[in-house]
Each structure stands twice: as C-alpha cells, then as structure tokens.
Amino acid sequence: MFGFILWLFLLFLCWPLALLALVLYPLVWLLLLPFRLLGIGVEAVFELLRAIVMLPARVLGGARR
C-alpha cells in the first residue's frame with residue numbers, strides 16, 4: 001500500500017518518471033527472478049545441512065523435556 005501511495009506521489013510530481021518506473025518494474029522483477037530462485041535453493045541446501053548436523057542431537061536427547 002505504501003508503495004502505491006509513493007508511486008501516486010511520484011506521478012503527481014513527475015509523471016514521466018512515474019510512467020517509466022511503471023514500465024521498468026516488471027523488467028527489473030524478471031531480471032532479479034533468477035537470483036531469488038538461487039537464494040531459495042541455497043537456503044534449502046543450508047537447511048538440509050543443518051538438519052543433517054542436528055540429527056544426532058535430536059535422536060539422542062531432543063525428546064526429553
């Protein structure tokens with residue numbers, strides 16, 4: 001919602017820049033999409049490594065509370 005209000009403010013002050021931002025936003029999103037997918041993959045690998053490292057502690061003593 002804040003982004004939309006900010007865009008409306010930009011549209012009021014400088015409409016060519018606001019229209020350029022409106023056109024370029026999907027292109028920038030498409031360019032950054034592979035990096036977002038790479039980040040999701042790296043996070044998944046780190047979570048898998050964390051689960052493998054923590055498995056012996058969970059098996060031996062994690063259930064006692």
Side-chain angles (χ1 to χ4, degrees):
M1 185 67 182
F2 179 70
F4 180 68
I5 293 172
L6 189 65
W7 184 82
L8 285 177
F9 185 67
L10 184 64
L11 181 64
F12 179 72
L13 288 179
C14 181
W15 64 269
L17 188 61
L19 292 179
L20 183 67
L22 190 64
V23 169
L24 288 181
Y25 180 76
L27 297 175
V28 171
W29 185 83
L30 281 174
L31 286 174
L32 294 179
L33 187 61
F35 296 109
R36 187 172 298 179
L37 293 174
L38 182 66
I40 291 170
V42 169
E43 184 179 353
V45 168
F46 282 142
E47 284 296 320
L48 176 66
L49 290 175
R50 181 177 176 266
I52 290 171
V53 168
M54 293 294 188
L55 182 63
R58 290 181 60 150
V59 168
L60 292 177
R64 295 184 221 155
R65 285 193 177 193

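- Residues Trp15 and Phe4 share a hydrophobic cluster, clusters being chains of Ile/Leu/Val/Met/Phe/Trp/Tyr side chains in contact below 4.5 Å.
- The CG atom of Leu17 lies 11.5 Å from the CG atom of Leu22; values are rounded to the nearest 0.5 Å.
- With rounding to the nearest 0.5 angstrom, the OH atom of Tyr25 is 10.5 Å from the CG atom of Leu30.
- The CG atom of Leu11 sits 11.5 Å away from atom CG of Leu6, with the distance rounded to the nearest 0.5 Å.
- For the pair Leu8 and Phe12, the minimum side-chain heavy-atom distance is 4.5 Å or more.
- In this structure, CH2 on Trp29 lies 11.0 Å from CG on Leu31, to the nearest 0.5 angstrom.
- Distance check, rounded to the nearest 0.5 Å: CD of Glu47 to CE of Met54 gives 10.5 Å.
- Rounded to the nearest 0.5 angstrom, Leu32 CG and Leu38 CG are separated by 12.5 Å.
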